[in-house]
Amino acid sequence: MSEQFSVSRELFDEVMVPNYAPSAVIPVRGQGSRVWDQQDKEYIDFAGGIAVNCLGHCHPALVSALKEQGEKIWHLSNVMTNEPALRLAKKLVDSTFADKVYFANSGAESNEAALKLARRWALDVHGSDKTQIIAFNQGFHGRTFFTVTVGGQAAYSDGFGPKPGDIVHAEYNNLDSVKALISDKTCAIMIEPLQGEGGIVSPTDEFIKGVRELCNEHNALLIFDEVQTGVGRLGPLYAYMDLGVTPDILTSAKGLGGGIPIGAMLTTTDIAKHLKVGTHGSTYGGNPLACAIGEAVIDVINTPEVQTGVKAKAQLYVDRLNAINTKYKVFKEIRGKGLLIGAVLNDNYQGKAKDFLVAAMTEGVMTLVAGANIIRFAPSLVIPDEDIIEGLARFEKAVATLAS
Ligand SMILES: *Cc1c(COP(=O)(O)O)cnc(C)c1O
């Protein structure tokens, strides 16, 4: 018989490794863009599980895919292939530059695969000297040791002993800083086509095109980490589609599963061929359950209605946030693209983003931060306009409690 005990925030401190500091609120159910906690208090969700729940909570198409596949087959391993994985791969290939897909279970794992592929490609095609990886300060690529080292925050990668080598960092939106590092020994540049965790920073046209040209000049692969920007978050299915720049390798996760863990690495046939049988793998990667849900996500997101909806909803956010700012003068800038929006606190509120998040939670709206000075919004891509309006009205109350 199982012992009865209450599941409270205190239990977290008792039984969990202390690497997180979660909110006191424990949500127990969600529907669309609304979530309810243990006390049945209602919240409007502008956090989306960190840009994951791209169709909100319990979207009927995803629940139906989960139930249908859940009663068929969940897992096989890559000793066998399966129908949902092949269907999802076919849809990804048909709607992007890519010819081939590798499935993983998270963003970090997708990036790990991308980096290992780039290194193996360089070794096979150009020899053992071409190992340098260029990435960017403030970039974020996940928490495996390779990806966290490629990420541009020493605070996340220091303190774990010797790091994977030949990884250097340039400055985002500074092409000269890339020129100063790149050479024929550069194997790949890994970049987010809009820095998410690093502060909602869009690339300039000149910069992102310049990075592509530098890769071409030096036979280096361009890897777009679209873990946060992909699956309609910025409007198009993938952010590269609006930039006039095509990467050689693209990684996707977060929104791809709409809440079920899945990741994918997309590339061309010519590059993919270097991950021969046995060179890389994953027990769960491409499992039928996750892929069936991923396919349902793509079916909904890859439509003109949803993609134009993102642009209209983004405009509604920006207009309302500007209106709040006209009253309270708390933001220096509202930036981002599509439904990945950053409200940058002005100089009077430096370091206070978390205070706004906590105050918003009290008023019944879930938000995110991106660093200490930016409040981040990453809601469902199909959030009803009335939920945006009501959620921002609640957010305005939170702002009012903090504005001086
Ligand atoms: C969240 C994120 C990752 C890491 O994804 P996980 O699923 O947590 O491993 C990698 N890159 C970017 C750009 C992200 O936003």
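Every number for a ligand or one of its atoms is a count from 1 in the order of the listing.
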Listing by chain and number, which residues have a heavy atom under 4.0 Å from ligand 1?
-> Ser106, Gly107, Ala108, Asn111, Phe140, His141, Gly142, Glu192, Asp225, Val227, Gln228, Lys254
Sidechain N-carboxylate O distance under 4.0 Å for Arg120, Asp124 | no
Assess the side chains of Thr204 and Glu206: does a donor N or O sit below 3.5 Å from an acceptor N or O?
-> no
Which residue, Ile133, Leu181, Val178, forms the side-chain contact (heavy atoms from CB on, under 4.5 Å) with Val168?
-> Leu181
Asn111 versus Thr147, side-chain donor and acceptor atoms under 3.5 Å = no
Examine the side chains of His57 and Asp45 and answer whether a donor and an acceptor come within less than 3.5 Å of each other.
-> yes
Ring pair (Phe, Tyr, Trp, His ring centres under 6.0 Å) partners of Tyr284, counting only residues at least two apart = His75
